[in-house]
Amino acid sequence: MAATSAAAMAIPLLINLLRGAYDLASVTTTHAKLLKLGAASSVASSNHLLVAYCRCGSIALAHHVFDGMLDRNVVSWTALMSGYASAGQPSAVFALLRTMARSGVPPNAFTFSTAASACALLANAGLGRQVHARAEVSGDARDNFVATALVGMYGKACRVGDARAVFDAMPATARSAVSWGSMLSVYAQNALGHDAIQLFTEFRTNGQDMAPNHFMLSSVVNACAGVGRLSIGKCVHGMILRLGHEDNDVIAVALLDMYSKCGCYEYSKMVFDRIKQPSVIPYTSIIVATAKYGLGRTALSLFSEMVDRGVQPISVTLIGVLHACSHSGLVDAGLQLLRSMRSKYSVAPCASHYTCAVDMLGRAGRLEAAFELANEARVEGNDDLMLWSSLLSACRNHKRLDLATMAGEKVSEFSTAMAWEKVSELSQEVAGALVVMSNTYDSAGQADEAAAVRSDMRRRGIRKVPGCSWIEIKDVAYTFYVGEVSPAGERAGEVMLLLDELECKMREKGYKGRLGSDRVFDGYEEDGDERGKGVMVGVHSEMLALGFGLLVIPKGMGIIRVMKNLRMCYDCHEAFKLISAIVEREFVVRDLNRFHHFRMGSCSCNDYW
DNA sequence: ATAGGGTTAG
């Protein structure tokens with residue numbers, strides 16, 4: 001009798017121990033004690049055990065407990081599913097869902113949100129839709145957790161519209177900070193930075209005075225980075241400081257990345273230097289930043305500092321270092337790294353590393369070596385395309401029609417099997433390569449061949465996304481397309497006059513390029529005629545954005561920052577250098593993959609890009 | 001007792 005009552009008193013204590021257990025040893029010890037007391041088999045204790053095993057990452061033992069249960073309720077099923085989802089085995093979740101349905105235990109909101117997040121892990125919108133439909137039927141879709149999980153699920157499956165529809169269907173009062181954050185990250189992760197920033201503004205006005213949490217803040221910073229909105233980014237940085245989130249490492253990395261993508265390497269470095277024990281991710285991020293600024297030596301010293309501190313590099317880190325070597329002409333250091341990365345850092349070189357190295361040799365004009373390496377790489381599938389198209393660009397820049405033709409043929413093999421009806425990263429890569437091919441023929445004096453490539457592109461409906469450039473003025477982004485001055489509004493006329501005037505002064509300084517009209521088909525921007533009668537025919541978007549910036553940003557306001565969605569064009573690069581000397585101002589251009597800082601007639605890239 | 005967000009790449 002006495003023993004039994006002692007046991008009855010011990011059980012709640014043991015359950016409490018399970019609740020706080022994060023290591024396997026204490027869970028198994030407690031499990032043994034419960035068994036001795038004969039108290040391990042009730043649904044409640046079994047569920048506690050199951051959850052505790054999952055928490056310690058021991059999904060096998062959790063499943064063992066589950067198998068031994070005579071009775072299982074919805075908690076047992078859901079807890080095990082959740083265990084599998086966090087163990088990165090989403091498929092097991094669906095197997096359990098099916099057996100659960102057969103066993104007659106109805107799912108609840110917990111089950112649906114777990115199932116939705118498993119679909120998110122798989123990025124499978126088809127399965128996700130089924131889960132969504134069943135939750136609608138049961139009424140659980142109205143649950144805030146379920147709706148939030150569905151938003152995230154559609155987002156991970158790239159169904160941004162569906163995600164927004166779920167978000168919009170939630171009653172405004174039901175939206176938690178997590179719901180807002182989830183929607184925000186859907187935009188940020190799907191490269192819709194402008195929408196993310198817009199939603200953040202909405203949150204601040206309609207969010208019922210909820211304070212943004214660190215998840216939300218890192219997503220907004222990420223969005224600012226993506227679209228280069230420095231002033232908003234700085235403003236969010238201010239909020240981060242006020243709310244005391246500056247020591248959060250994820251936030252720090254987001255800020256670091258934002259400053260680096262907005263043309264402020266020094267700020268990036270300051271944020272990095274405040275991180276106490278930088279892991280591989282901050283190191284990788286700062287190394288990638290140095291690469292964009294052509295600071296190859298700095299990249300190498302950061303890399304060795306990292307290794308000396310015992311931080312193990314990962315694949316992306318090495319891509320960053322190679323990229324830095326490439327942009328700084330540190331060819332031998334880069335090649336050495338490529339050759340030794342497997343043995344020294346246990347990272348096997350993949351297609352991206354080879355592409356970087358081929359690009360590096362190509363830039364340096366070592367085209368034969370680049371070809372050899374490309375052939376040696378033997379990478380497969382679509383990664384191959386990047387390799388050859390980067391080589392093709394290098395051949396064009398070094399005016400090697402013979403080698404360009406060989407690389408061009410490799411690229412063409414892809415273009416035949418391509419689905420052109422939808423714009424993808426891949427189709428853009430091929431389209432870009434064909435444009436380069438056409439121009440290579442042109443500059444080699446083979447106008448007919450060049451025209452053939454272009455008419456072939458037209459016939460097959462292959463087109464590049466239009467190039468555009470934007471500039472942020474007082475928190476508003478103004479986007480320009482080739483030949484269209486209209487975003488400048490009532491100052492359009494002044495922009496045109498200013499550019500004319502600058503062109504005259506540039507001619508006096510020996511500028512041979514073309515600002516507009518009969519410029520060559522450079523492929524980076526389409527002809528302006530189909531976007532309405534461009535008032536400045538052929539003038540590139542970066543030039544229009546610069547002209548507008550020169551007019552509206554007074555000289556004392558410092559650097560003019562222009563963003564472009566594609567690579568900066570060679571003629572514009574020359575022109576920007578001259579203009580920086582003529583007007584005695586500094587410009588930073590953020591291109592598709594790096595920065596150019598123009599000052600006193602020259603560029604930070606030293607024309608090596 | 002079971003559930004929902006965030007960072008590095010070309």
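All heavy atoms count here, side chains included; hydrogens, waters and symmetry mates do not. So you know, we letter chains A, B, ... as the sequences are listed, proteins then strands, and number each from 1.
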- Give the rounded distance in Å between these two atoms: CG of A:L385 and P of B:dG10. 17 Å
- Query: Among the nucleotides B:dG6, B:dA9, B:dT2, which one has an atom lying closest to any side-chain atom of A:V288?
  - Reply: B:dA9
- Message: Please classify the nucleic acid contact of A:S45 as base, sugar-phosphate, or nothing, using heavy-atom distances under 4.0 Å.
- Response: nothing
- Would you call A:E202-A:R175 a salt bridge at under 4.0 Å N-O? no
- Query: With a non-hydrogen cut-off below 4.0 angstrom, is A:D257 in contact with a base, only sugar-phosphate, or nothing?
  - Reply: sugar-phosphate
- Query: Can you check side-chain hydrogen bond (donor to acceptor under 3.5 Å, both in side chains) on A:H132 and A:E136, steps first, answer last?
  - Reply: CA-CA 6 Å; A:H132 188 180; A:E136 287 289 355; 3.1 Å; yes
- Euclidean distance, atom CD1 of residue A:I287 to atom P of B:dT8 [Å, nearest integer]: 15 Å
- Query: Could you state the CE-P distance from A:M386 to B:dA9, rounded to the nearest angstrom?
  - Reply: 14 Å
- Have a look at A:H48 and say if it touches a base, only the backbone sugar-phosphate, or nothing, with a 4.0 Å heavy-atom cut-off. sugar-phosphate
- Item | Stacking of A:F215 on B:dG6 base (centres under 5.5 Å, planes under 30°) | no
- Which whole-number value in Å describes the distance from A:R55 CZ to B:dT2 P? 8 Å
- Message: Using a heavy-atom cut-off of 4.0 Å across all strands, would you classify A:N222 as base, sugar-phosphate, or nothing?
- Response: sugar-phosphate
- Task: Could you check how far CG of A:N565 sits from P of B:dG10, rounded to whole Å?
- Result: 16 Å
- Got a sec: does the CD of A:Q208 have more than 12 other heavy atoms crowding it under 6.0 Å? yes
- Atom-to-atom span, CZ of A:F203 to P of B:dG5 - whole angstrom: 17 Å
